[in-house]
Student: 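Starting off with a structure, shown below.
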Number of protein chains: 2
Amino acid sequence: MGQGEGARAAAIPVLAEVFRERGYEGASLALLGARTGLGKGSLYHAFPGGKAEMAEAVLAAIEAWFETRIYAPLREEADPRAAITRMLSETDTYFLSGGRACLVGAVALTGGRDRFAARIAGYFAAWRDALAAALRRSGHGPEAAADLAEEAIAAIQGGLVLARALDEPAAFGRTLERVRFRLIPSP
Amino acid sequence: MGQGEGARAAAIPVLAEVFRERGYEGASLALLGARTGLGKGSLYHAFPGGKAEMAEAVLAAIEAWFETRIYAPLREEADPRAAITRMLSETDTYFLSGGRACLVGAVALTGGRDRFAARIAGYFAAWRDALAAALRRSGHGPEAAADLAEEAIAAIQGGLVLARALDEPAAFGRTLERVRFRLIPSP
DNA sequence: CGGCATCTGTACCGATCGGTACAAACGCCT
DNA sequence: AGGCGTTTGTACCGATCGGTACAGATGCCG
């Protein structure tokens, strides 16, 4: 199994981009094959479970990325305010300053919801809880922290929807700025 | 043309529900026919343009509903605070307290975006501008009003995404409560 | 009742869907 | 070189996709 694992790993970001652009139902095997440069044979060799396994792998990779780059720092970094600032800049980078939609949110709103409900809920719950933990460590009470965290996650998602709907990526940057102000009112 | 217009009008809310649940690509003609109780013949007689015209009609109906129930009062009602309060309760009702996703947002994130870009952008821009007008009339400066309006619309959209993703409709109610507090800080 | 336009169920179209089968090509070992 | 497991392109599968054609049902007029 030489190239196998490598091909799978290399394919996942490309698959993610296609699912992001077209949704679960809209991403056809023909398109997924063309974009990854893999024929059906290779695709099904790397993902024996077919399209569902591809989407599953993509969601898992996204969750892992957020876990190491955002959730873990929020939970563990010494300075919670620095962790929150980092969360905002990582988020801005990840979503290409509003030019890229949130795949998890898109799947949550449309067809794939039932199929991937657990993973979708986990993604948002983990984000919310990690942010709440950071807010608690920065001095907020448990309820205020949970409320602020939920507001921030919702605002970020809404900012992505709005940026995409208005075709105005800058709306996402403004949203992140407002979130920063709500979460770190100080300086 | 006796039943024709009536059938079309009666079908639109049902079509809307199907598009909402499955997205544009996920809503098949077979399903649309079954749910409306109309055969392909009737469906194509009422909507000669096929699925695209059905989606177009649904989006137009949604826009009209928001225009009369929400945007117009925001723009014209004597008491802007009352109009904002009304906006929030109408929004809560329309989205079934978080149990119903935003079709326009869902289409914006997935496949139908390119096809319906203008209508989607118009929907959100009209909402944002009407809300900004109400905020201006209630004493905010032009920039603050525009900023608050954008934040509120994004928050509402994000609240819908979150409620659906977490399968926790109550998250939408909490979002609306926060929006109310941001928009009408007084009592 | 006859005539006519509006509606609608059904059969069918080519294209594409996700998925499978399988033989040839390939890489790696001794 | 020879052998063997992995990888991959291609042909093919039944199902379903959006859309069309059209004959018959239906309702409304004189």
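Numbers restart at 1 for each chain; the letters A, B, ... are given by sequence-line order, proteins then strands.
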Student: Is the shortest distance from a Lys or Arg side-chain nitrogen in A:R174 or A:E177 to a carboxylate oxygen in the other one below 4.0 Å?
Tutor: no
Student: For B:Y44, what residues pass the ring pair (Phe, Tyr, Trp, His ring centres under 6.0 Å) criterion, not counting sequence neighbours?
Tutor: none
Student: Base contacts versus sugar-phosphate-only contacts with protein, heavy atoms under 4.0 Å: please encode nucleotides 11-19 of chain D as B, S and - from 5' to 3'.
Tutor: ------SBB
Student: Tell me whether A:E25 is salt-bridged to B:R22, with the criterion being a basic N under 4.0 Å from an acidic carboxylate O.
Tutor: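 The answer is no: the pair does not qualify as a salt bridge.
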Student: Within this structure, what is the CG-to-P distance between A:L38 and D:dT10, rounded to whole angstrom?
Tutor: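 Rounded to whole Å, this separation is 13 Å.
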Student: Can you tell me if B:H45 touches the phosphate of C:dC7, counting only side-chain N or O atoms and a distance under 4.0 Å to OP1 or OP2?
Tutor: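 Looking at the OP1 and OP2 atoms of C:dC7, one of them is under 4.0 Å from a side-chain N or O of B:H45.
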Student: One thing to verify: whether A:E151 and B:R182 come together as a salt bridge, which I'm taking to mean a side-chain N less than 4.0 angstrom from a carboxylate O.
Tutor: yes
Student: Kindly say whether B:A46 contributes a backbone atom to a donor-acceptor pair with the side chain of B:R8 at under 3.5 angstrom?
Tutor: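 Side chain of B:R8 to backbone of B:A46, a donor-acceptor pair under 3.5 Å: yes, one is there.
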